[in-house]
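Here the structure comes first, spelled out in structure tokens, and everything after it is commentary.
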Amino acid sequence: MSSETIKYNVSIAPRFEDMDAYGIIHHSRYLIYAEEAKLAFMKDPKFFATDVAAAYDKFLVTEVNIKYIRSVKYFANTLLDIELHFSIENEVKIRFDFAIYQNKSVACRGYSIHVVTDHDNRLRLELPVSLKNRYQELISQGERS
């Protein structure tokens, strides 16, 4: 994880269909929860004034890693807390580190790394200036973790 990250927290209620035959939330669902947290962060007007996904070309995933720590039993009122850390690496990549908790106990940790392509699917060798500027504004305002 980069040293300067922006922290974001969101809670997600797993759905009944997310559990397996044993009543455990299936391991494949954690990545979906992390994606939902990333979208909530990118759409949160506190962090970004526009819909980032619409404003900037395309964000492609180049790497994903998840470390499962413990299973989560599904109950009708189950709530998962996701802690997300957003950072920019080497002026070219976006990184999201995440941890998913149930009752303050970590269920998994992971990260995803993204690059940006233009509308013609060409790799951009630099992130959009407006995104980098907003990131620096948020870091300087103390939004860092």
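We're numbering straight along the sequence, starting at 1.
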From K46 atom NZ to L138 atom CG, the distance as rounded to the nearest 0.5 Å: 9.0 Å
Do you know the tightest heavy-atom contact between S11 and D81? OG-OD1, 2.6 Å
Would you please say whether a donor-acceptor pair under 3.5 Å links the side chains of E63 and Y111? yes
Decide yes or no on ring-ring contact (aromatic ring centres under 6.0 Å, His included) for F41 and F86, but give the supporting numbers first. CA-CA 9 Å; F41 167 71; F86 171 81; 5.2 Å; yes
Give the cluster check for Y101 versus I82: same hydrophobic cluster or not, with ILVMFWY residues linked at side-chain heavy-atom distances below 4.5 Å. no
Is the shortest heavy-atom distance from the side chain of S87 to the side chain of I6 under 4.5 Å? no
Grouping I, L, V, M, F, W and Y whenever their side-chain heavy atoms are under 4.5 Å apart, do V106 and Y74 come out in a common cluster? no
Where do R124 and D118 come nearest, in terms of heavy atoms and distance? CG-N, 3.9 Å
Keeping the roles fixed (side chain from N90, backbone from K93), state whether a donor-acceptor pair exists under 3.5 Å. no
Give a yes or no on whether a salt bridge exists between E83 and K104, defined as a side-chain N under 4.0 angstrom from a carboxylate O. no
Take R15 and E36 through the salt bridge (charged side-chain N to carboxylate O under 4.0 Å, His left out) test and state the conclusion after the steps. CA-CA 13 Å; R15 295 161 291 279; E36 289 177 11; 3.3 Å; yes
Is a donor from one side chain sitting under 3.5 angstrom from an acceptor on the other, for S112 and K38? yes
Measure the CD-CG distance between Q136 and L131 for me, rounded to the nearest 0.5 Å. 10.5 Å
Spatial distance of atom CE (M19) from atom CD1 (I25) [nearest 0.5 Å]: 9.5 Å
F98 side, atom CZ; L84 side, atom CG - distance, nearest 0.5 Å: 9.0 Å
Applying side chain to side chain donor-acceptor pair (under 3.5 Å), can you list everything that pairs with D18, at least two apart in sequence or on another chain? R29, Y33
Would you find a donor on one side and an acceptor on the other, under 3.5 Å apart, between the side chain of K73 and the backbone of T78? no
Quick one: side-chain contact (heavy atoms from CB on, under 4.5 Å) partners of N103, sequence neighbours excluded? none
Rounded to the nearest 0.5 angstrom, the CD1-OH distance for I66 and Y30 is 10.0 Å
So OG of S140 and OH of Y135: to nearest 0.5 Å the spacing works out to 11.0 Å
Pair F96-H114, ring-ring contact (aromatic ring centres under 6.0 Å, His included): steps then yes or no: CA-CA 8 Å; F96 290 96; H114 308 253; 5.5 Å; yes
CA sep, side-chain torsions, deciding dist, call: Y68, R109, side-chain contact (heavy atoms from CB on, under 4.5 Å): CA-CA 7 Å; Y68 298 99; R109 295 184 189 281; over 6 Å; no
Between R122 and D120, does any NZ, NE, NH1 or NH2 come within less than 4.0 Å of an OD or OE carboxylate oxygen? yes
Heavy-atom check, side chain of V61 versus side chain of I113, under 4.5 Å: no
Apply side-chain contact (heavy atoms from CB on, under 4.5 Å) to the pair I88 and K132, showing each step before the final yes or no. CA-CA 8 Å; I88 291 178; K132 290 191 299 186; 4.2 Å; yes
How is the hydrophobic cluster of L125 composed, in terms of its other members, when Ile, Leu, Val, Met, Phe, Trp and Tyr link through side-chain heavy atoms under 4.5 Å apart, directly or indirectly? L60, V115, L123
Run the side-chain contact (heavy atoms from CB on, under 4.5 Å) test on L79 and I12 for me, step by step, so that the C-alpha distance in whole Å, both residues' side-chain angles and the decisive distance to 0.1 Å come before the verdict. CA-CA 6 Å; L79 197 61; I12 292 179; 6.0 Å; no
Side-chain (S71) to main-chain (I24) donor-acceptor, under 3.5 angstrom: no
